[in-house]
Protein chains: 2
Amino acid sequence: MKTLTIGQVARESGVGVETIRFYQREGLIATPPRRSAGYRQYGAGVLRRIRFILRGKGLGFSLREINALLSLSLSRGRSCADVKARAHVKIEGIRAQIAALERVKGALERLTDACTARGSASMCPILDALDADVEGDK
Amino acid sequence: MKTLTIGQVARESGVGVETIRFYQREGLIATPPRRSAGYRQYGAGVLRRIRFILRGKGLGFSLREINALLSLSLSRGRSCADVKARAHVKIEGIRAQIAALERVKGALERLTDACTARGSASMCPILDALDADVEGDK
DNA sequence: ATTGGGCCCGTAGCGCAGTACGGTGTCAAG
DNA sequence: CTTGACACCGTACTGCGCTACGGGCCCAAT
């Protein structure tokens with residue numbers, strides 16, 4: 001079975017060498033066997049593992065959360081309900097984030113709608129909204 | 001005109017003393033005059049300034065962006081259109097953020113819908129989606 | 001006069017997810 | 001046998017927005 005150096009893993013997975021070392025330090029990737037000279041010797045499994053991490057990140061999970069997901073998937077016999085629960089928590093978090101952003105967007109849109117962009121900065125409704133009391137700051 | 005110590009400003013504005021010193025270091029608040037013993041001597045204007053910063057943060061602007069907004073508002077005679085343009089950029093950024101979050105939320109929802117939470121972790125469709133190739137990682 | 005708070009300063013640390021650096025050792029090709 | 005690319009290591013740095021620390025001065029009240 002052919003093995004991969006850290007550089008080959010990096011090229012094939014699209015992440016940097018330093019990132020792989022970092023993931024190892026953080027416990028997201030198992031410490032691999034070494035060749036005589038100390039070079040890391042990876043099997044193909046590490047590529048799957050890195051893709052797992054990358055997909056998790058894409059779904060908005062933090063590395064800490066991905067680590068938890070990984071432990072879950074390794075503890076055979078434990079119920080998949082744990083995973084589902086984590087996903088639910090994540091979904092609720094995202095929902096809240098979206099709602100907060102919508103509120104901010106609405107406020108900004110109202111502000112720019114009120115702005116004719118015609119006057120000087122001292123009459124800008126956007127700045128006025130931020131600087132509620134109108135008066136030079138001296 | 002009565003002046004305020006940094007602690008009074010902190011209490012009235014609701015931010016910490018250290019935060020005010022930090023804002024000063026970052027140039028968001030002008031360096032105030034000092035009393036003989038070196039104590040900062042603030043006028044009421046600083047409270048307005050801090051509220052400006054807080055509202056800007058509430059609208060999703062970074063401290064760097066707030067600083068730019070502040071410079072704009074101080075350069076009298078400059079057009080309010082600059083401010084409006086920045087607000088537009090911000091709105092577009094928020095729109096993109098929301099869209100990205102919606103995509104992630106959709107993906108997570110599809111995954112949890114497919115999950116009966118009945119099997120063991122090794123048959124969890126959520127983990128399967130992350131770990132595309134099904135096989136123990138040994 | 002002493003006590004307890006408030007204020008001064010520069011520096012270090014947090015959490016996140018890497019990225020970069022610098023010095024040394026190793027490997028494969030020519 | 002030399003060269004150049006790669007690998008090793010620990011440590012430090014990035015950006016963001018604070019927060020905390022330690023040591024020392026100052027001020028008002030008792």
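Quick caveat, the model's predicted, so the values are computed rather than measured. Below, chain A is the first sequence line, B the second, and so on; all start at residue 1.
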Asks: So, using side chain to side chain contact (heavy atoms under 4.5 Å, CB included) as the criterion, who are the partners of B:Glu12 when residues are at least two apart?
Replies: B:Leu4, B:Leu47

Asks: Determine yes or no for a side-chain-to-main-chain donor-acceptor pair under 3.5 angstrom, with A:Arg49 supplying the side chain and A:Leu28 the backbone.
Replies: yes

Asks: What's the CD-P distance between A:Glu26 and C:dC16, to the nearest Å?
Replies: 10 Å

Asks: Calculate the interatomic distance between A:Leu28 atom CG and C:dA17 atom C1'; express it in whole Å.
Replies: 11 Å

Asks: Could you pull out all residues at least two apart from A:Thr19 that satisfy side chain to side chain contact (heavy atoms under 4.5 Å, CB included)?
Replies: A:Val15, A:Tyr23

Asks: Between C:dA12 atom P and B:Phe22 atom CZ, what is the distance in whole Å?
Replies: 17 Å

Asks: If I take atom CD in residue A:Gln24 and atom P in nucleotide C:dA17, what distance separates them, rounded to the nearest angstrom?
Replies: 18 Å

Asks: For B:Leu4 and C:dG6, what is the distance between atoms CG and P respectively, to the nearest whole Å?
Replies: 15 Å

Asks: Side-chain N or O of B:Arg40 versus OP1/OP2 of C:dC8: is the shortest distance under 4.0 Å?
Replies: yes

Asks: List the steps and the verdict of side-chain contact (heavy atoms from CB on, under 4.5 Å) for A:Lys57 and A:Leu63.
Replies: CA-CA 7 Å; A:Lys57 270 162 53 74; A:Leu63 294 188; 4.0 Å; yes

Asks: Looking at OG1 of A:Thr3 and OH of A:Tyr42, how far apart are the two atoms once the value is rounded to the nearest 0.5 Å?
Replies: 11.5 Å

Asks: Under the rule for side chain to side chain contact (heavy atoms under 4.5 Å, CB included), what residues qualify as partners of A:Glu65, not counting sequence neighbours?
Replies: A:Phe61, A:Ser62, A:Lys90

Asks: Report the distance from atom CD1 of B:Ile6 to atom C1' of C:dC9, rounded to the nearest whole Å.
Replies: 12 Å

Asks: Please find the earliest and latest nucleotides of DNA chain D, in the 5' to 3' direction, that have an atom within less than 4.0 Å of any heavy atom of chain A.
Replies: D:dC6 to D:dG10

Asks: Got a sec, which residues hit side chain to side chain contact (heavy atoms under 4.5 Å, CB included) with B:Glu109, two or more places apart in sequence or on another chain?
Replies: A:Ile91, A:Arg95, B:Lys105

Asks: Let me spell it out: for each of B:Arg25 and B:Arg11, pick the nucleotide of DNA chain C with the closest heavy atom. Which residue's pick is nearer the 5' end?
Replies: B:Arg11

Asks: Check the distance between C:dC7's P and B:Tyr42's OH and give it to me in whole angstrom.
Replies: 10 Å

Asks: Within this structure, what is the CZ-to-C1' distance between A:Arg64 and C:dA17, rounded to whole angstrom?
Replies: 12 Å

Asks: Kindly compute the distance separating CG (A:Leu108) from CD1 (B:Ile94), expressed to the nearest 0.5 Å.
Replies: 5.0 Å

Asks: Strictly below 4.0 Å: does A:Thr19 bring a side-chain N or O up to OP1 or OP2 of C:dT19?
Replies: yes

Asks: Under 4.0 Å between a side-chain N/O of B:Thr5 and OP1 or OP2 of C:dC7, yes or no?
Replies: yes

Asks: Find the distance between OG (A:Ser71) and CG (A:Asp82) and round it off to the nearest 0.5 Å.
Replies: 11.0 Å

Asks: Kindly state each residue pair satisfying salt bridge (charged side-chain N to carboxylate O under 4.0 Å, His left out) with at least one member in residues 32-41 of chain B, sequence neighbours excluded.
Replies: none

Asks: Please write out each protein N/O paired with an N/O of nucleotides 21-25 of chain C under 3.5 Å, distance rounded to 0.1 Å.
Replies:
residue	atom	partner	partner atom	Å
C:dG25	N2	A:Tyr39	OH	3.0

Asks: To the nearest 10 degrees, how far apart in direction are the end axes of the helix from C:dA1-D:dT30 to C:dG30-D:dC1, each fit to five base pairs?
Replies: 30°

Asks: Mind checking salt bridge (charged side-chain N to carboxylate O under 4.0 Å, His left out) for A:Glu26 and listing every partner two or more places apart, or none if nothing turns up?
Replies: none

Asks: Does the side chain of A:Phe52 reach to within under 4.5 Å of the side chain of A:Ile66, using non-hydrogen atoms?
Replies: yes

